[in-house]
Amino acid sequence: MSENIVRLEKDPHPTVPEQGPTVLTVVPAPDTQTRVVPLWVRSGRAIKSAITHEHTKTAARAVARHGLYVAGGTRIVARRTWDGRTASRYERMLRAAEAAGNYEVAAEWEERGQRFRAERHRRRMDLLASPVDAAKTALVGTGMSIGALIGLGIALALATKDPVDVITPLAAVVGLVSLLVTIVMVVWGPLLTIGPFLALLSLWAVGRHQKAAPAWALPARERDSEGEPITPSIVVKALRDLGVPALRGAIKEMGDAGAAMLGPIRIAGCGVEVDVTLPSGVATNEVQSRRRKLAENLTRHEHEVFITIPEAARTVRLWVADSGALDEPIGPSPLVTDDTLTADYAKGRAPWGQDLRGDAAALSVYQRHLLITGLSNQGKTAALRALALWLALDRSVEFWMGDLKGVGDWDMFDGLAARLIQGPTDEHVIQVTEMVEDAVEEMNRRLQAPPGTEFPALIVIVDEAQVAFMCPLKDDEKRPYGGAKANSRYYMAARKIHNQGRAVNVLLWQGTQDPTNENLPKLVREGAHTRASLALGTESQARMALGDKAVDGGAAPNLLRPGLDQGTLVVASAGIDIPKGQSSITVRTHYISTDDAKEIAERARALRDGVTTLHTIERGEDRDPLADIAAVIGTTARVRTKDVLARLTKLNEDAYGGWSFIDLKRVLDDAGAEPYKSDGVMVVSRDRVARALANRDTDGSASDAA
């Protein structure tokens, strides 16, 4: 049936000339009947159109979202309150540890829960007695206050000779209390009115911050950025669309649409983990080489998906982060939270951070040279310093440090390190080079010691080592300090320590920026047993930093995001637990601020007998023995004579390397600061040496004036 024809016509008999109104006339089509659409039908269509309009949906989502923010915020606050008041958090962590088979951690959480319950019981017992104690205190305080006010009034009355002034202080206090009551009465009403709204606003803020609303109620932008939850169907679809023809064909032929390929999807840290057994004809490297495409198929960014090779043959292990989880901090270092923590160079492991599964990542530094590299301002110094701070808690370890940036990042080691050179100039490069050469001499001395001799660890740290490699200066014999030739002083000293230093616990730790063949020679970077890299710009730099084997195995520091993944390291080392089949591991390091680093260093100083830190290496010049003795004693009240001799030798081996006790005693006797016995050993007094120096300087000044 054809539709009626609707057209607009002029009224043939207008009531007002020249104002013919336009009227709607329905003209039936030939052989049809006129259909009149009821008003309620038209109204229903309009209502349906309004309801399904996008603006209406957006408004409805907004209303639901903000209401659910309040409900979700209430739930979150209630959960936090419940966790804070009960032991539910400890029970939850205990069950999780038992499920993972980590019974040591389970026992630790059980002990923490018992300690929490005991402290809660003690607090409750204290609350039972607190009302009586508070009442007694209030009565005594009130009586004393009234007595004091009356005494003040008596004194005032005596001074003014007016008996009425006896109650003046008391009346003033009563007036003040009355004023406060009036203020409270005025303010109390509005507070009762506004208080619930403020409470609702705070709950809404908590819910909004935690996005405590279902995905359908969130704005489109946030829904898109959340990422889909990882399910078996999504994983199979992502693999099917990976662009590997053999894999796509095998999935199509499988009766279960590829589900048999997948192992169980397990929660692993801030993401999930799943093993995928590839069908015949598909190699693991074909999946590894398509990491970006696989991540995008899983609605993730490239840095949120990691592909590793487990023990099982023809299997890849996918770790997929929760969307945005890698941008969240991992928490403070145990060095900051546990002030009883100590270190053990030979058997211990430094608490460096967490791996992507959320497990603790600890590094052994025993007889391992270390290299950390990355772009500028990515956390290189902080990562290197965290290892040194941990190792400083082993009192047997000695540090020689050179910071060629010189902005104070290593100041806290003053009084811990035997040598601490800080500065960016060529003169500082010369001193750092001589320090590393001295470490070579110490290594050679140890190598020539009788077999079986035990040596404490000597850790030589050079931060911003690229400054040393690129130094253009030459010495008096025309040998360059920098460079990568056989006559380069810094390069050759580093190579010698790499070759033989670990055998006698002389280790070289270096931090450098933006590795190239010019600022980090090949033989030096390959001499490090532990190689770690922060964000880099190119794959070629990643190969320089970690080596070809690590990069070919999936290590990709060049895929880390500069500025966003600060403190995230890709580590290749036998000193850290790396899953079997992998060549590297990604570690999110704990950040230790400068203030926290100073507190840790203070704890380390308390473990030692006082270390005199040398800030320069002085050679070939006239020495002042008494001033040098005062310098090596430092702030310690008295130091054993043999320790003074050892420190003088470190200060300047050319001048004091051959000194004996007789030479030391001669200088001190001549100055009137004779050594003496204390607890059966000969010691040198700081006060005696300081007094002798002061008297000598005073006499010298007087004679000069005369």
Side-chain angles (χ1 to χ4, degrees), residues 342-343 345 391-401 410-421 435 438-439 441-442 445-446 453-460 505 598 601-619 621-698:
T342 58
Y345 162 72
L391 195 55
L393 297 174
D394 183 343
R395 60 181 300 173
S396 66
V397 177
E398 182 177 353
F399 292 97
W400 294 3
M401 295 181 171
W410 297 86
D411 280 346
M412 67 289 302
F413 281 88
D414 195 355
L416 277 176
R419 303 186 184 186
L420 178 59
I421 301 168
M435 178 186 74
D438 288 347
E441 294 181 9
E442 172 65 15
R445 183 188 69 80
R446 294 184 178 190
T453 305
E454 296 289 337
F455 298 104
L458 171 60
I459 309 298
V460 182
N505 290 324
K598 290 178 180 177
E602 196 62 38
R603 297 205 308 263
R605 270 190 287 272
L607 299 175
R608 300 171 183 255
D609 295 330
V611 176
T612 301
T613 300
L614 306 181
H615 297 280
T616 58
I617 301 176
E618 300 173 356
R619 302 177 183 276
E621 57 191 56
D622 294 335
R623 309 295 307 185
D624 183 347
L626 188 61
D628 287 344
I629 292 171
V632 299
I633 290 176
T635 59
T636 309
R638 55 182 180 272
V639 181
R640 292 186 297 180
T641 53
K642 69 174 187 177
D643 291 338
V644 174
L645 288 171
R647 294 178 185 182
L648 286 172
T649 302
K650 289 182 180 179
L651 178 64
N652 192 302
E653 188 172 1
D654 296 338
Y656 303 114
W659 268 36
S660 65
F661 172 71
I662 300 300
D663 299 310
L664 177 62
K665 186 175 185 300
R666 174 179 50 79
V667 172
L668 293 174
D669 288 346
D670 292 343
E674 301 84 355
Y676 62 95
K677 275 193 175 183
S678 175
D679 296 331
V681 296
M682 296 298 293
V683 298
V684 180
S685 170
R686 175 197 62 192
D687 295 338
R688 289 187 181 183
V689 174
R691 188 162 50 248
L693 273 174
N695 293 337
R696 186 191 68 179
D697 294 342
T698 302

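Being a predicted model, the structure only gives us computed values, none of them experimental.
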Fill in: Asp394-Ser396 side chain donor-acceptor pair, cut-off 3.5 Å
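Result is yes, a qualifying pair exists.
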Nearest-0.5 Å distance that lies between atom [atom1] in [X] and atom [atom2] in [Y]:
{"X": "Leu651", "Y": "Arg419", "atom1": "CG", "atom2": "CZ", "result": "9.0 Å"}
{"X": "Asp670", "Y": "Leu626", "atom1": "CG", "atom2": "CG", "result": "10.0 Å"}
{"X": "Lys665", "Y": "Ser660", "atom1": "NZ", "atom2": "OG", "result": "11.5 Å"}
{"X": "Thr636", "Y": "Arg608", "atom1": "OG1", "atom2": "CZ", "result": "13.5 Å"}

Minimum heavy-atom distance [X]-[Y], with the two atoms named:
{"X": "Arg605", "Y": "Met412", "answer": "NH1-O, 2.8 Å"}
{"X": "Glu674", "Y": "Arg688", "answer": "O-NH1, 2.7 Å"}
{"X": "Leu420", "Y": "Phe413", "answer": "CD2-C, 4.1 Å"}
{"X": "Pro675", "Y": "Thr641", "answer": "CB-CG2, 4.1 Å"}
{"X": "Ala673", "Y": "Ala692", "answer": "CB-CB, 4.2 Å"}
{"X": "Val644", "Y": "Ile633", "answer": "CG2-CG1, 4.4 Å"}

Any side-chain to backbone donor/acceptor pair from [X] onto [Y]? Under 3.5 Å, distance only.
{"X": "Asp643", "Y": "Val639", "answer": "no"}
{"X": "Arg638", "Y": "Val684", "answer": "no"}
{"X": "Thr613", "Y": "Ala417", "answer": "yes"}
{"X": "Arg647", "Y": "Ala631", "answer": "no"}
{"X": "His615", "Y": "Ile421", "answer": "no"}

Worksheet item: Ion pair present between Glu442 and Arg446, side-chain N to carboxylate O less than 4.0 angstrom?
Response: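 Salt bridge between Glu442 and Arg446, a charged N being under 4.0 Å from a carboxylate O: yes.
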Worksheet item: Do Leu416 and Phe399 have side-chain heavy atoms sitting under 4.5 Å apart?
Response: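 No, too far: nothing below the 4.5 Å cut-off.
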Worksheet item: Does a side-chain heavy-atom distance below 4.5 Å link Asp628 with Asn652?
Response: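 Not in contact.
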Worksheet item: What's the verdict on side-chain contact (heavy atoms from CB on, under 4.5 Å) for Asp438 and Met435, showing C-alpha distance, side-chain angles and the deciding distance?
Response: CA-CA 5 Å; Asp438 288 347; Met435 178 186 74; 5.5 Å; no
Worksheet item: Do Asn505 and Leu458 pass the side-chain contact (heavy atoms from CB on, under 4.5 Å) test, and can you show the C-alpha distance, the side-chain angles, and the key distance before you say yes or no?
Response: CA-CA 6 Å; Asn505 290 324; Leu458 171 60; over 6 Å; no
Worksheet entry | Pairs touching residues 631-658 that satisfy ring pair (Phe, Tyr, Trp, His ring centres under 6.0 Å), sequence neighbours left out |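 Output for this query lists Tyr656-Trp659.
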Worksheet item: Counting only heavy atoms not in Arg686, do more than 12 sit closer than 6.0 Å to its CZ atom?
Response: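 Atom CZ in Arg686 is crowded, with more than 12 foreign heavy atoms closer than 6.0 Å.
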Discussion item. Determine whether Lys598 and Asp411 satisfy the following criterion, side-chain contact (heavy atoms from CB on, under 4.5 Å), listing intermediate values before the conclusion.
Written reply: CA-CA 8 Å; Lys598 290 178 180 177; Asp411 280 346; 5.6 Å; no
Fill in: Trp400: ring-ring contact (aromatic ring centres under 6.0 Å, His included) partners, not counting sequence neighbours
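For Trp400 there are no ring-ring contact (aromatic ring centres under 6.0 Å, His included) partners, ignoring immediate neighbours.
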